[in-house]
Amino acid sequence: MQIERDVTRPSTQTDRYDVKAVEEFWQRRWEEEEVYRAEITDKPKFYCLEQFPYPSGHLHMGHVRVYTLGDVIARYRRMRGYSVLHPMGWDAFGMPAENAAIKSGIPPRSSTIANIAYMKGQMRQMGLSFDWNREVATCEPDYYRFTQELFLLFYERGLAYQKAGAVNWCPHCETVLANEQVEEGRCWRCDAEVTKRDLTQWYFRITDYADRLLEGLRDLDWPPEIKTQQDNWIGRSEGAEVAFPVPDLDETIRVFTTRPDTLYGATYVVLAPEHPFVERLIAGRESAEAVRAFAAGERVRSDMERTAENTEKSGIFTGAYATHPLTGQPLPIWVANYVLVDYGTGAVMGVPAHDQRDFVFARKYHLPVRVVVSPDGQPIPNLAEPYLAPGRLVDSGSFSGIESQAAIGAIAAHLQEKGLGRLQVSYRMRDWLISRQRYWGAPIPIIHCRDCGAVPVPRADLPVLLPENVTFTGQGGSPLAAAEEWVATSCPRCKNPARRETDTMDTFVDSSWYYFRYTSPQEPRAPFDPEKANRWMAVDEYVGGKEHAVLHLLYSRFFTKVLHDAGWIAVDEPFRRLLVQGMVVYGGAKMSKSKGNTLSPESIMARWGADATRLFMLFAAPPEKDFEWSDQGVEGSFRFLQRVYRLAVRTPGSGDDAAAGERIERARARAVRKLTEDLGDRRAFNTAVSALMEYTNALYQDADRVPASLARRAIETLVLLLAPLAPHLSQELWQRMGSGGSVHAQAWPAFDDKWLTETEVEIVLQVNGKIRARITVPADVDEERMKQQALADERIQVLIADKIIRKVVAIPGRLVNVVVA
RNA sequence: GCCGGGAUGGCGGAAUAGGCAGACGCAGGGGACUUAAAAUCCCCCAAUCGAAAGAUUGUGCGGGUUCAAGUCCCGCUCCCGGCACCA
């Protein structure tokens, strides 16, 4: 890239850098010349990705931080000789646009497009090196037709299905939510309290992948915090399923337990209020009315209330009995609030002696307690607290005397023989509910036919376009359901009149595959070109927020595994390495409008420029920690950039001080090495900036004492090392120093190892581990000589004069420790 | 309750593999330049005692290992986050 002096270009005669003019100049230039276009070449690839934003209208400071981090990584890798894919796009479906339409009448599509245009301008102002040729927006038919196609793929693979049941409903958003999207009983987006509704909805069978999602975590280079969250969320637990026959019903109640070793201690069986057997068990009994009332009462209570820790356990006897599978004894069947219908089998065996909850419940309702495990295999009289630990079995028929661990396998095997149970794994995670009763999303490509049922839309008919002529009433119900012309269609199978599915997909579906689309964004026939995707995937570095730990990051892993199984992609994990950045806080608190502590990227960049803003964000905290904005702090980064500018543009003095020359060479080598480590695997951008500051300070000390050519080379190195962090200033200086081309297309500087090996080093002399003196010795001095010099040192001699020397430890290049008694 | 992460000067933070605690910056103090101020350049800046040299203490708390511990081990405290009537 040849850059010529432009007449409209600001000419900066003074010693102050005109930030605004220079930054704008280079932003325009980079855009015109498409410097950051990603190409498939024979260079090694690097896929650097940041989570794409919802186009809300404005970037916030959190965005500024993520995109800065990603940009530094991308720019650094380019200079290191990688072919870098660094794309950007828009997670453009979502409720805010639809809510705005209800309020102001502006169609979601128009407001979204306008928001994207504005935010793209802000990204340009930040100097981000995106390849805009690969931009995607999930709300475009070119994109969502493939979201729909992927739905069909899932459907064909048995991974998309409809199910009726109680679901989470957000009254404010007027739509259902997936389990992952309910936080402490509240909607993740709007914080409204979530209620229950009985609805038939579409699900993705993510639970089929529970084990693989768990195993895959092991090899990922992700923060332990995030892996643990996913691990907890999946919630795998091993145990057994045990059948308790119900003679009256000619059915068996299946329970899940992690403690089959305590099976002989079961004294009753409990069903969740929603359990399908409840009604059949009580039919015609005296207890029927009371049980029905109890179950109905529990059903309407919110999850919040029902699962709160202090909620008292309560239940009611159904009047019916089940048979213990091993002893044949009749066990009363209860219905209780502490059993959840959607975990395990929705039924448990009550073992009061060995389970905290059962113990409390049994006490309350005077149910028998039977000790079957104890530390020594002897009965425990007068049990005051449940015995929860494993131990040796008691009163357990032929299993008595066996250790708990062995008993689990033995009892399960015995049950299996009798056809009454087996080892079983249960998960906390539920299937992913993807239906949303909202307009601004990808329509689920299904047609409901009276005769054929739910029929997938044939691929050739995709996309199922969102109708434009709808009205946003805000009166509840999806606008799609009211778009009669759109809903009415014919069945693809029997051609009879049929109706379209009016729910759209959760926007997390859109964002579960966008990183594949970037690899071939214009591919017209498929979601992506497998050949290109295989060239770029997996993402080498993914930068984003921790709020997506069990949302986007879990869903994306699931998608990737399904696509892998379908043979579309070689990898089965999308994100090799994950950088989870901390929040941006201001005035000691997370920014929010209600607190009035918001910061706008516009005003900050207008005041200090993009480079100083970027630099300060990198410098003030390691990326994964929360970052506190400070005007005084950014001022420091601004001053540093001005300092670099003055150093580079001033007319240098010239000297011939050999010692200074050596100091500069050493400082240069140290700086290059440090930046190479810190911008690479270490991702320690804060210490990278401080290393540049140290290097700059060193150059201020010595640049005028050395030949101009040496000073110039040292300063050029500074500019190159600064390029990933402060792209505008370094570009400007690169050009002013008369070096050709774009600084961002230069190779990363090299250094000669000889400058890192010191000829002399200062070592410390310790007596009993306390530092008592410092001496300078040749770097290659051996241990013996170090010891001799240390013992000969007069300050040391004074301290050890009348003592017995027990030991002398010498670590070359570091210290000598004299141990005396 | 279970799991994960953390605690270092006035502040943000550094110390990458057990080897000089506090790099770099902010705030503060001093000097140079200036008629003056700003900007800039240079210096000082953990605490206590001391005029200084220096001494002592010091990385949340209590123990331990080691010639040597912010770093490793054992036992705690507090803070942040996840999961939690999950059988």
Side-chain angles (χ1 to χ4, degrees), chain A residues 15-16 183-184 223-237 239 255-259 262 270 272 306-313 336-340 342-351 354-358 360-361 388 426-430 546 549-550 615-616 619-622 624-637 639-640 642-643 646 674 677-678 681-682 684 686-697 700-701 762-772 774 795 806-820:
Chain A
D15 61 355
R16 223 174 147 82
E183 294 168 349
E184 295 187 341
E225 186 194 353
I226 304 293
K227 289 194 192 188
T228 308
Q229 276 188 55
Q230 292 209 353
D231 199 316
N232 285 343
W233 185 261
I234 294 167
R236 181 190 154 97
S237 65
V255 307
F256 175 73
T257 176
T258 52
R259 294 292 303 275
T262 65
V270 198
R306 208 167 128 189
T307 61
E309 207 171 346
N310 50 9
T311 299
E312 197 180 327
K313 289 171 192 30
N337 63 347
Y338 75 97
V339 177
L340 307 174
D342 54 0
Y343 181 76
T345 59
V348 302
M349 61 183 196
V351 185
H354 306 292
D355 182 279
Q356 186 65 45
R357 295 154 302 189
D358 296 345
V360 173
F361 191 75
L388 303 174
S426 194
Y427 300 92
R428 212 189 69 89
M429 181 170 68
R430 315 276 193 263
K546 60 166 145 283
V550 290
L615 200 76
F616 179 53
F619 177 60
E624 63 278 5
K625 285 191 73 170
D626 285 351
F627 158 86
E628 165 101 40
W629 180 263
S630 142
D631 284 353
Q632 278 177 339
V634 72
E635 190 71 41
S637 296
R639 277 201 292 263
F640 167 68
Q642 296 285 357
R643 199 166 145 83
R646 282 190 300 273
K674 180 72 175 153
E677 289 168 0
D678 285 0
D681 286 349
R682 253 171 56 93
N686 53 332
T687 51
V689 176
S690 77
L692 284 179
M693 288 171 167
E694 281 179 88
Y695 183 43
T696 304
N697 292 343
Y700 263 82
Q701 294 294 327
E762 191 187 64
I763 61 167
V764 299
L765 305 183
Q766 301 178 327
V767 176
N768 286 346
K770 283 188 198 288
I771 297 162
R772 297 302 177 176
R774 288 164 203 279
R795 286 158 299 189
R806 292 247 182 255
K807 193 178 194 178
V808 182
V809 181
I811 307 295
R814 298 219 185 249
L815 54 79
V816 179
N817 188 9
V818 183
V819 186
V820 296

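Below, chains carry the letters A, B, ... as their sequence lines are ordered, and counting in each starts from 1.
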* Side-chain-base donor-acceptor pair under 3.5 Å for A/Lys770 and B/rU56 -> no

* Atom-to-atom span, CZ of A/Phe627 to P of B/rG13 - whole angstrom -> 10 Å

* To do: May I ask you to verify if any side-chain N or O of A/Arg357 is less than 4.0 angstrom from the OP1 or OP2 atom of B/rA84?
  => no

* Asked: Taking only N and O in the side chain of A/Ser426, is any of them less than 4.0 Å away from OP1 or OP2 of B/rC86?
  -> no

* Salt-bridge test for A/Arg259 and A/Asp355: reply yes if a basic N is under 4.0 Å from a carboxylate O, no otherwise. => no

* Provide the distance between the two P atoms, one in B/rG58 and one in B/rA21, to the nearest whole Å. => 13 Å

* To do: Indicate whether OP1 or OP2 belonging to B/rC86 is found under 4.0 Å from a side-chain N or O atom of A/Tyr427.
  => no

* **Residues A/Asn697 and A/Arg643: side-chain donor-acceptor under 3.5 angstrom** => yes

* To do: Enter syn or anti for the glycosidic conformation of B/rG9, syn applying to angles within 90° of 0.
  => syn

* Looking at every strand, decide which applies to A/Lys625 at a 4.0 Å heavy-atom threshold: base, sugar-phosphate, or nothing. => sugar-phosphate

* Given B/rC67, is OP1 or OP2 found less than 4.0 Å from the side-chain N or O atoms of A/Asn768? -> no

* **Within 6.0 angstrom of A/Arg430 CZ, more than 12 heavy atoms from elsewhere** => yes

* Asked: How is A/Ser637 classified with respect to the nucleic acid when contacts are heavy atoms under 4.0 Å: base, sugar-phosphate, or nothing?
  -> nothing

* If the C1' atom of B/rU8 is compared with that of B/rG70, how far apart are they to the nearest Å? -> 7 Å

* To do: If B/rA38 has a Watson-Crick or G-U wobble mate with both distances under 3.5 Å, name it; if not, just say none.
  => none

* Could you state the CZ-C1' distance from A/Arg814 to B/rA15, rounded to the nearest angstrom? -> 11 Å

* Rounded to whole angstrom, note down the P distance from B/rA38 over to B/rC33. => 15 Å

* **Inter-residue atom distance A/Gln766.CD - A/Arg774.CZ, 0.5 Å rounding** => 10.0 Å

* Within the structure, does a side-chain N or O atom of A/Arg639 lie under 4.0 Å from either OP1 or OP2 of B/rC24? -> no

* What about A/Asn817, does its side chain sit under 3.5 Å from the base of B/rC67 through a donor-acceptor pair? -> yes

* Asked: Between A/Asn337 (CG) and B/rA87 (P), how many Å, whole number?
  -> 17 Å

